[in-house]
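Per chain, numbering begins at 1; letters A, B, ... match sequence-line order. Predicted, not measured: the structure shown is a model, and the values here were computed from it.
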Amino acid sequence: MSGQLFLTGALIVTFLVLSLAFVLIVIRIVKGPSLSDRILALDLLIAVAIGYIAAFGISTGYSIYVDIAIALGLVGFLSTIALARFVLSRRTKSDDEDTTGEGVKADV
Amino acid sequence: MPPFPADLMLYASLLPFAAAFIAPWLVGRMGHNAGWVLAGVPALLFVLFAAFLPGVAAGTVTTYGIDWAPGLSVRYAHLIDGLSLTFALLITGIGTLIVIYAGGYLKGYAHQGRFMMFLLLFMGAMLGLVIADDLITLFVFYELTSITSFLLIGFDHKREAARRAAVQALVITGGGGLALLAGLILMRVVSGETSVSGLLAMPDVLRDGPAYTAIALLIMLAAFTKSAQVPFHSWLPNAMEAPTPVSAYLHSATMVKAGVFVLMRFSPNLGDTALWSIMLTGFGGATFLTGVILGIRQTDLKQILAYTTVASLGLLVMLTGVGTDYAIAGAVLYLVAHALFKGGLFMVAGAIDHETGTRDVRVLGGLLGKMPVTFVAAFLACLSMAGLPPFIGFVAKEVLYNGVYEAAWLPTIVSLIGNTLMFTIACVLLMPFFAKPGALPKSPHEAPPSLWLGPIVLSVIGLFSALFLGSTLSAVVLPMANAVAGGPVDTNIHLWPAGLKPPVVLTLITVGSGVALFFVYGRVRDGIAGLLTAIGWGPDKGFDQAVRGLVGASWRVTNFVQPGHMKLYVSVVFLAVALALWLPPIFGGFPSLGGTGALAAPYHFAVLAIAVAGVIIVIVSKSRIVAIVSLGIQGTMVALIFMLYGAPDLSFTQFMVETLSVVILALVMTRLDLDAVDHRPRPVAMKDAAVAIACGAGFSLMLLSIVQIPFNNTLSEFFLTYAYDIAHGKNVVNVILVDFRALDTLGEIAVVMGAGIAILALIRLRARVSA
Amino acid sequence: MNTLIFRTVAPYISALMVLFSIFVLLRGHNEPGGGFIGGLIAASAIAIYGIAYGVRAVRQAIYIHPNVLAGVGLVMAALAGFASFFAGKPFLTGLWYLPTVSGVKLPISNVLVFDVGVYFVVVGSVAAIALSLEESD
Amino acid sequence: MATIFINILLSLAWAAITGSFSFINLLFGFVLGGLSLTLIRAQLDSMNHFRRFFGSVRLALTFLIELIKSSVNVALIVLSPGRTLRPAIIAYPLDVTTPAEITLLANLITLTPGTLSMDVSDDNKTLYVHAIDAPNPDEIIADIKHSFEGQIRRVFHP
Amino acid sequence: MSDLFLYLTGILCMIGAFFVLVAAIGILKLDDLYMRMHAASKAGTLGSGVLLVALAVFAGESDVVLRAIAAFVFFLLTAPVSAHLLARAAYTIGYKPCDATHMDALADREQMAPKSH
Amino acid sequence: MEIILAVVVGIFFAGGIYLMLSARLVRILLGVAIFGNAVNLLIFTGGRLVEAAPPVIGRAEGAAQVANPLPQALILTAIVISFSIFAFLLVLAFRAYQSLDTDDVDEMRLAEPPLNKPPLHY
Amino acid sequence: MMYISTIIGALGLFLSTGTVLAAQTASEAAGGAAADQAAAETVPGATATVDPLLTVATPLAAWLAALPIALPLLGAGLTLVLRNLPRWQAPMALIVLGLTALTAVGLSAVVEATGPIMMAMGNWTPPFGIVIAVDSLGALLVLVTSLVGLIGIGYARLDVGDEGVKYGFYSFYLLLICGVNGAFSTGDIFNLYVWFEVFLISSFGLMILGGTNIQLDGAVKYGVLNLIATTVFLIAVGATYGATGTLNMADLQRVLADNDAAPLLTIAALFVLAFAMKAAAFPLHFWLPASYHTPKVIVSAIFAGLLTKVGVYSLMRIVVMLFGADGAVYMPLIVILGVLTAVLGAMGALAQVDLKRLAAFLVVSGIGVMMIGIGLGTQQGLTGAIVYTVHSILVMTGLFLILGMCDRLSQGGSLLQAGGLYSARGFAAALFLVFGFSTAGLPPFSGFWPKFILVEASLAVEGSIAILGVLGIIISGFITTIVIGRAWALVFLTPQPAGAPAVSAEPVNPAVIILAGFVVGLGLFPAFVVDPAINGAAGLLNPSAYVTEVLGGR
Ligand code: NA
Ligand code: NA
């Protein structure tokens with residue numbers, strides 16, 4: 001088995017696994033139950049995206065995509081911070097919390 | 001020919017406008033005496049126009065002009081012939097007297113300067129209208145008369161009735177003006193001619209043209225509204241709200257005759273058809289009768305005069321419709337006569353009002369001794385109005401009886417009834433001088449010269465023009481009649497009838513029954529009044545109903561098309577988008593969906609599927625955070641899609657923008673206690689979904705049909721070729737942004753900058769307000 | 001956000017991001033990047049700093065109002081476009097000066113100034129947006 | 001001095017991302033790093049800590065090994081069915097005192113097996129750590145003390 | 001390029017993907033937020049990191065290697081901070097650990113006054 | 001490939017428009033964001049899709065095809081513009097909600113209160 | 001200190017940032033050249049023979065085409081940079097717009113004398129870069145826009161308080177003029193989209209600049225609906241590129257002339273929809289009456305004058321000039337929508353009580369009239385539409401300004417409030433009448449000429465559509481006359497009720513007087529606009545001069 005062939009196979013596996021990971025993350029986002037769970041899932045989604053970009057760089061041979069990974073590594077957490085802030089802010093406005101039907105306890 | 005270049009008149013005829021703009025200043029300096037100075041302008045013009053008389057009498061038609069809007073084939077041009085010259089002389093001559101009269105009448109009124117300005121503006125407009133050769137010039141001045149009339153009627157602005165009358169006049173004559181515009185333009189289109197003289201040179205071009213009926217009806221509509229024909233007449237009596245000089249000048253002597261003028265002007269081109277005769281005779285006759293019947297019912301002097309003016313206009317229209325040589329000659333004579341006696345009578349009425357404080361014929365009386373000069377003027381004018389010799393009114397009546405009698409029996413009967421009532425009314429108008437006075441608000445004295453000068457002059461001219469009938473005919477009447485008839489009229493007119501011909505018989509009947517009617521005047525008046533009360537509706541009320549109806553309908557329609565509900569706005573817009581996407585293929589054919597390239601690698605599907613999942617979760621999510629997070633998913637996946645197809649810059653930007661979007665969404669949502677639950681009831685949601693799906697599918701369809709087309713890659717090839725060689729950049733996308741299409745980027749950063757300051761303003765200005 | 005850990009890390013991440021943004025800006029003509037992306041990254045850096053230390057600290061740190069920075073960027077970009085007037089070329093024409101300094105070709109151009117203008121506009125405006133939202137409590 | 005050290009670090013980071021360690025590029029990175037640091041100059045005064053480069057390197061290696069261990073650990077937890085976990089939130093008494101040390105420790109704890117930093121007490125004396133499986137919390141405390149805290153102290157206080 | 005690097009790249013890819021999957025399974029399977037965070041912050045970080053290393057190995061050019069490592073390091077810098085903030089925020093607003101959590105030192109803290117944020 | 005992307009674009013459009021049709025500010029804004037992404041993908045797809053090398057000279061040696069750079073530049077411009085507009089609308093929505101006390105755009109009737117009947121006198 | 005020195009050092013290096021790039025540049029120069037060679041071989045022959053850069057010298061006159069965009073843009077940046085000098089803002093804006101107007105005058109003169117002129121941005125041979133291409137139509141509209149912008153500054157002083165200046169009024173204002181001028185003069189459809197967005201964002205800023213609740217309400221509707229419109233426009237641009245591979249208008253004109261690809265009809269429909277919406281044509285007009293009455297008077301006035309006209313212009317430029325046969329399919333629809341817009345707009349005005357809303361509906365009504373002219377698709381119809389556009393820019397700006405002025409003098413903002421200006425302030429009242437009657441299309445004001453041209457254009461066309469057009473113009477004119485007459489009677493003639501505050505003695509702002517002067521001047525001397533409009537319309541129907549100027553012999 002040549003290295004190229006192995007790499008091709010490995011990449012197919014990688015992409016499939018990464019896709020599966022995406023799906024699982026989406027399931028967590030759908031299921032929740034809390035805001036924090038969903039934010040965590042988005043955070044992980046961005047991490048997986050970094051991996052995906054790396055794998056894509058390998059599969060195409062265009063290494064320039066790595067810069068996108070750098071940027072994502074740096075700014076990806078910005079959205080998590082902002083959302084965490086959002087979570088915190090809800091405490092101070094507890095009088096009219098989400099009427100999501102998911103239960104107040106679950107959806108904090 | 002005048003002893004000056006004819007085209008001097010192009011500018012001279014604009015003098016009233018110049019005078020108008022200095023009038024306020026002049027009145028400010030001289031007070032009411034400014035009238036004497038300002039009257040110099042029309043007087044000068046009268047003289048200038050009079051210089052054309054010999055030539056016109058000799059049959060010369062003078063045209064001259066300059067280009068106004070050459071690209072539109074519009075000229076500022078004059079046509080001096082019998083018709084326009086007679087009108088011009090009436091306008092400037094009576095205008096001179098009116099300006100003098102107005103100076104006296106308005107003594108002590110507010111806004112005298114403004115009044116003089118409007119009056120002179122009107123004069124310029126009216127003059128411009130009658131001497132216009134170019135069709136569009138004619139229209140421009142025609143509309144100006146409507147505007148100035150609107151201003152003058154509303155002059156006594158503190159009274160609601162005056163305001164209503166002004167609007168009514170504007171609406172009715174303005175509406176007619178639009179018809180005139182359409183008619184004139186249709187003439188231009190059909191004939192290719194842009195001037196009156198051009199049309200007169202080929203008299204059959206319109207009559208035989210494809211749009212004759214439309215043109216004729218439009219011109220008639222314009223004329224009927226302007227000249228207060230039934231059922232559009234009610235604005236004219238209401239316009240008596242204006243100060244009396246206005247009534248005398250605009251609403252009897254000149255402006256209201258603009259409609260008749262237009263009919264006469266185009267009579268050679270449009271007349272001599274069944275449509276023309278029937279319409280003009282019918283509406284004119286009906287107006288004639290309506291005018292005298294309603295006139296006899298009135299008790300206010302000005303109202304009586306107004307309705308008889310309506311009647312006279314009806315008579316003129318009817319005669320124009322009858323169109324025989326005698327009818328036209330009669331119309332011309334009557335037009336001149338009417339201008340003279342009615343103008344004078346209005347001024348008399350104003351003088352009486354001025355001196356006694358009332359215009360009610362039931363109260364007025366005994367003025368014979370108190371206002372002798374005024375009486376003389378009134379007496380002479382009334383004789384002319386009654387059609388008694390030796391006044392011009394008598395000649396006019398003889399000739400018009402001749403005209404209708406030889407034409408048809410119905411106009412003859414109408415004329416007979418109308419003239420009879422006119423005779424009676426003329427008697428009634430003299431009652432203030434002879435009757436026993438009632439309780440007058442003021443104790444009357446003779447009016448000042450400025451108030452009686454005008455009526456005396458006009459009445460005397462009414463007398464002398466008949467006494468020197470030969471000159472009158474040759475200088476004024478026949479040239480005008482020729483112009484109206486479109487050729488020499490064949491008439492034989494004398495002051496004293498030679499023998500007992502039918503017109504004379506009709507005159508005798510008129511006088512006899514007129515006198516008889518005067519003796520039962522009180523009962524007739526009350527009877528008509530009672531009848532009208534019983535009917536309880538008239539065009540005047542109809543006008544109110546129409547305006548109310550229009551306003552109400554507008555209100556309802558506007559509530560329907562602009563209901564204030566944004567949901568509806570957005571729905572309509574997207575419905576339109578759906579139609580724009582689907583109707584073209586439905587009517588123009590759907591694309592075939594073959595050959596759209598190979599399928600993607602499976603891991604592409606995962607990215608696409610998750611992007612779609614993100615959208616769906618956003619839609620079904622019940623909390624805003626789930627929605628925001630799902631939006632993040634969708635955006636991230638879009639960035640990956642960009643990456644998959646070779647767009648690293650896009651992917652980069654999309655990731656950044658997505659992150660920042662989530663950040664600002666979170667920052668805002670932190671302060672916005674809202675959830676993202678869909679509040680729509682199910683049926684509404686279903687409808688919205690239908691629209692949304694239609695749009696979405698439509699966009700898919702369009703996209704598919706675009707990618708069928710072989711792609712023209714020239715631009716991108718160019719960029720790839722020269723990006724490095726010339727623009728020194730390897731990242732072609734960036735080179736496009738900063739070099740090939742830098743202007744886009746410049747605009748784009750302007751947008752970014754604008755958003756920055758706009759958002760700051762949004763947030764800060766609130767802080768200030770709530771603080 | 002008043003947490004020790006975040007507050008300790010945030011300034012360095014911000015500095016790193018600004019550095020990275022300049023990198024992305026400068027090499028954008030040849031590799032993915034450029035003024036927009038660089039500007040967005042720098043704005044993110046400012047946002048992080050702002051979230052950690054508050055808006056006032058950011059305002060002190062960047063001396064000038066971010067909107068003014070955006071204005072400076074726009075003026076820079078526009079003036080870069082006008083530079084070609086003096087070369088007798090149309091608006092926004094790229095002018096290149098390529099001196100060779102010790103064997104290395106140095107590309108100097110108004111195009112770069114233009115891209116830096118873009119960078120400033122994006123940094124300024126996006127930061128202004130984030131900061132005004134941040135302080136709108 | 002510490003500022004220059006950080007500036008040098010940034011300069012190295014610049015060289016890394018630009019992919020060239022040429023002198024001129026390092027110099028340029030230094031200037032740009034200085035520029036970036038002016039942004040955060042207000043926070044720089046509290047940074048007089050990084051003293052020892054080798055300590056840092058050693059710490060980094062330790063950390064990488066711990067990260068791999070922790071990931072394997074997670075994999076075991078996640079992939080083995082029926083395993084009963086005993087999570088706990090533990091109060092970890094801090095010996096290190098400066099914000100930088102605490103932060104570094106907390107981050108390392110998060111990235112390493114079974115533990116996750118949650119909060120620091122207001123007096124900076126206690127770190128609250130979530131442990132995914134801590135039948136015996138004291139063991140975890142001792143483990144952290146042993147593996148990271150000491151090394152951090154050595155980096156910052158040589 | 002020698003086959004060795006290709007094999008190494010492939011293996012690293014699969015390892016990275018494996019850890020990513022572990023993280024994804026972890027956040028789906030574990031009982032409460034805090035436990036899920038373990039999975040995300042450790043396996044997720046390592047997984048993506050390994051993929052970046054794979055890229056570095058594959059590319060072999062020094063600049064790419066350096067950038068891939070830089071990406072990894074930056075990611076390592078930020079990931080624990082966001083995890084910490086999220087955990088803290090969740091706890092602050094009252095997200096209780098699952099029942100299996102046998103010890104809660106934060107709850108024992110005398111005053112759980114909300115921190116200003 | 002274009003077929004699938006066209007369908008995805010259609011779904012994006014449908015989703016975005018469906019959200020924008022709701023009368024609630026938050027949903028409208030979410031819709032705007034999705035709508036914007038849909039447009040970008042539409043332009044991207046319309047510029048033809050190739051699984052190709054990025055349009056960076058010197059990075060694509062040996063590549064069969066280089067991606068079309070022009071749509072990328074256009075979309076980049078459009079992304080930044082729509083982000084700016086989106087940010088403005090978002091803050092506007094926030095301010096409108098604060099000041100008008102409703103997030104239901106149908107209840108925002110301050111600028112367009114029920115139309116009074118116009119006067120009929122003169 | 002140290003960091004100050006680093007900044008200085010950085011600035012020094014800043015100018016030679018190439019250092020970083022240098023290594024790569026040097027090392028990859030050879031590879032890059034090879035790639036270029038490879039790329040060049042794949043280029044179709046047509047491209048290979050074209051000079052990438054224009055070889056002709058840029059005439060100085062070409063700058064006249066770019067400056068009406070570039071100057072306000074620069075000014076917008078400068079006013080923002082100098083935001084801490086509030087007292088300098090108005091003079092700066094005045095100077096910038098004065099220069100802009102001067103260049104616009106020069107531009108019109110040159111274009112009228114020598115035909116369309118073009119400047120290829122970046123010197124790239126069209127159609128590869130973006131071109132600014134100005135023909136008679138563009139020059140005329142740029143001129144009017146610049147003049148109205150300049151005049152408007154005169155009024156702004158009255159209306160924009162310190163707050164407004166502080167939060168960027170003049171930057172927004174200049175940006176708006178920049179965007180509108182850009183839209184009128186660009187020769188590239190994507191660039192047209194960008195200018196749409198530029199004036200859109202600045203209009204957002206201007207709209208909310210008072211911070212009042214009613215403005216927020218109006219802005220929500222204005223914002224969302226305009227976002228949809230510009231986005232649909234963007235979609236259509238993207239689709240056009242996908243279908244034709246080009247964005248340059250001159251190139252598109254050539255490409256589309258003999259192209260019957262299936263999606264073009266749909267794309268044309270999207271353009272029609274987007275522009276009809278931007279123009280506020282029924283039934284996509286909602287945003288305008290929902291918002292135009294809410295901002296400050298100067299803002300309403302400038303919006304009413306300029307913004308919708310860009311939609312009208314684009315309809316002419318893109319649908320008529322570029323899409324030709326595909327666009328012609330929609331012409332009857334445009335006439336029908338125009339008639340409905342004209343009549344319903346006028347009826348909307350008749351239904352209003354608030355004068356600014358009334359004026360907003362009159363804006364809509366005018367749009368309908370322009371659309372009728374466009375829909376006729378003839379030389380004369382387009383001439384009328386262009387003349388009407390110019391008239392409408394002047395008169396609608398003036399109408400809003402005079403209403404604002406009258407509201408300042410005596411509270412007469414609605415038909416229910418008698419302002420009594422006829423007796424107290426005759427001149428101000430007269431100015432209202434000038435603008436009002438001009439709106440109604442009465443002579444001797446500017447509105448008469450386009451009405452005349454359009455009626456003649458309609459009557460010159462065979463068929464029922466044309467009759468419909470005439471009816472639309474005439475009925476809307478008739479209703480508008482009623483509207484103006486009623487407003488005159490109720491607000492101006494009617495004396496103020498007892499106890500009302502005294503009428504202010506504030507002088508009428510010169511901006512209003514100047515605009516009224518234009519309205520009357522245009523009524524008396526129409527050729528100044530009619531002649532360029534005739535050329536503009538001819539250029540739309542036969543764009544060969546435009547295409548030749550842009551593309552040369554290629
Ligand atoms: Na987005
Ligand atoms: Na751009």
Side-chain angles (χ1 to χ4, degrees), chain D residues 12-21 60 63-64 66-79 81 84-93 103-122 126-137, chain E residues 18-19 21-35 37-47 49-50 61-67 69-71 73-74 76-81 83-84 87-88 90-92 97-98 100-109 111 113 115:
Chain D
L12 290 172
W14 171 260
I17 49 183
T18 54
S20 159
F21 279 90
F63 159 74
L64 274 179
E66 291 290 320
L67 178 61
I68 293 166
K69 274 161 66 182
S70 79
S71 298
V72 174
N73 188 20
V74 168
L76 290 175
I77 291 170
V78 167
L79 300 177
T84 318
L85 295 174
R86 303 212 52 204
I89 296 175
I90 304 162
Y92 175 85
T103 302
L104 186 57
L105 178 64
N107 286 357
L108 293 177
I109 285 173
T110 298
L111 289 170
T112 49
T115 51
L116 181 91
S117 303
M118 289 182 66
D119 207 353
V120 182
S121 67
D122 291 342
T126 313
L127 182 66
Y128 294 94
V129 176
H130 185 271
I132 194 168
D133 188 21
N136 184 359
Chain E
F18 167 77
F19 279 116
L21 184 65
V22 164
I25 295 173
I27 66 159
L28 202 59
K29 199 178 153 188
L30 292 169
D31 288 333
D32 69 6
L33 174 74
Y34 307 107
M35 293 165 75
M37 289 182 111
H38 285 272
S41 59
K42 296 172 182 71
T45 310
L46 184 71
V50 170
E61 303 158 34
S62 67
D63 63 328
V64 179
V65 172
L66 283 167
R67 276 190 234 169
I69 290 171
V73 171
F74 294 166
L76 285 179
L77 264 175
T78 58
V81 180
H84 150 71
R88 181 176 173 278
Y91 196 92
T92 307
C98 65
T101 309
H102 65 102
M103 177 182 178
D104 187 349
L106 271 170
D108 301 337
R109 194 150 60 160
Q111 211 183 15
K115 302 224 168 183

Check your understanding: Taking only residues two or more places apart in sequence, or in another chain, which ones meet E:T78 in a side chain to side chain donor-acceptor pair (under 3.5 Å)?
Key -> none
Which atoms form the tightest heavy-atom contact between [X] and [Y], and what is the distance?
X      : Y      : answer
D:A91  : E:A105 : N-CB, 3.3 Å
D:M118 : E:R88  : O-CB, 3.2 Å
E:V81  : D:N107 : CG2-ND2, 3.7 Å

Hey, what do you get for [atom1] ([X]) to [atom2] ([Y]), rounding to the nearest 0.5 Å?
X      : Y      : atom1 : atom2 : result
D:D133 : E:M35  : CG    : CE    : 8.0 Å
E:L106 : D:T126 : CG    : OG1   : 10.0 Å
D:L127 : E:H84  : CG    : NE2   : 9.0 Å
E:F18  : D:L79  : CZ    : CG    : 5.0 Å

Heavy-atom contact with chain D under 4.5 Å, split by part of [X]:
X     : answer
E:L77 : backbone
E:L30 : side chain
E:A70 : side chain
E:T45 : side chain

Point to revise | Which of D:S117, D:A106, D:G114 touches chain E most, by non-hydrogen pairs under 4.5 Å | key: D:G114
Practice item. Side-chain contact test, heavy atoms from C-beta onward, threshold under 4.5 Å: evaluate it for E:M103 versus D:R86 and give yes or no. Key: no
**Study point:** Beyond-backbone contact of E:L46 with D:V74, side-chain heavy atoms, under 4.5 angstrom
**Key:** no
Review point. Any donor and acceptor pair, going by atom type alone, linking the side chain of E:H38 with main-chain N or O of D:S70 inside 3.5 Å?
Key: no
Review point. Backbone N or O of D:L116 within a donor-acceptor pair of the E:K42 side chain at under 3.5 Å?
Key: no
Review point. Given that the side chain runs from C-beta out, which part of D:L108 has a heavy atom under 4.5 Å from chain E: side chain, backbone, both or neither?
Key: neither
Point to revise | Side chain / backbone / both / neither for D:V129 at chain E, heavy atoms under 4.5 Å | key: neither
Check your understanding: Tell me the side chain to side chain donor-acceptor pair (under 3.5 Å) pairs involving residues 24-35 of chain E, sequence neighbours left out?
Key -> none
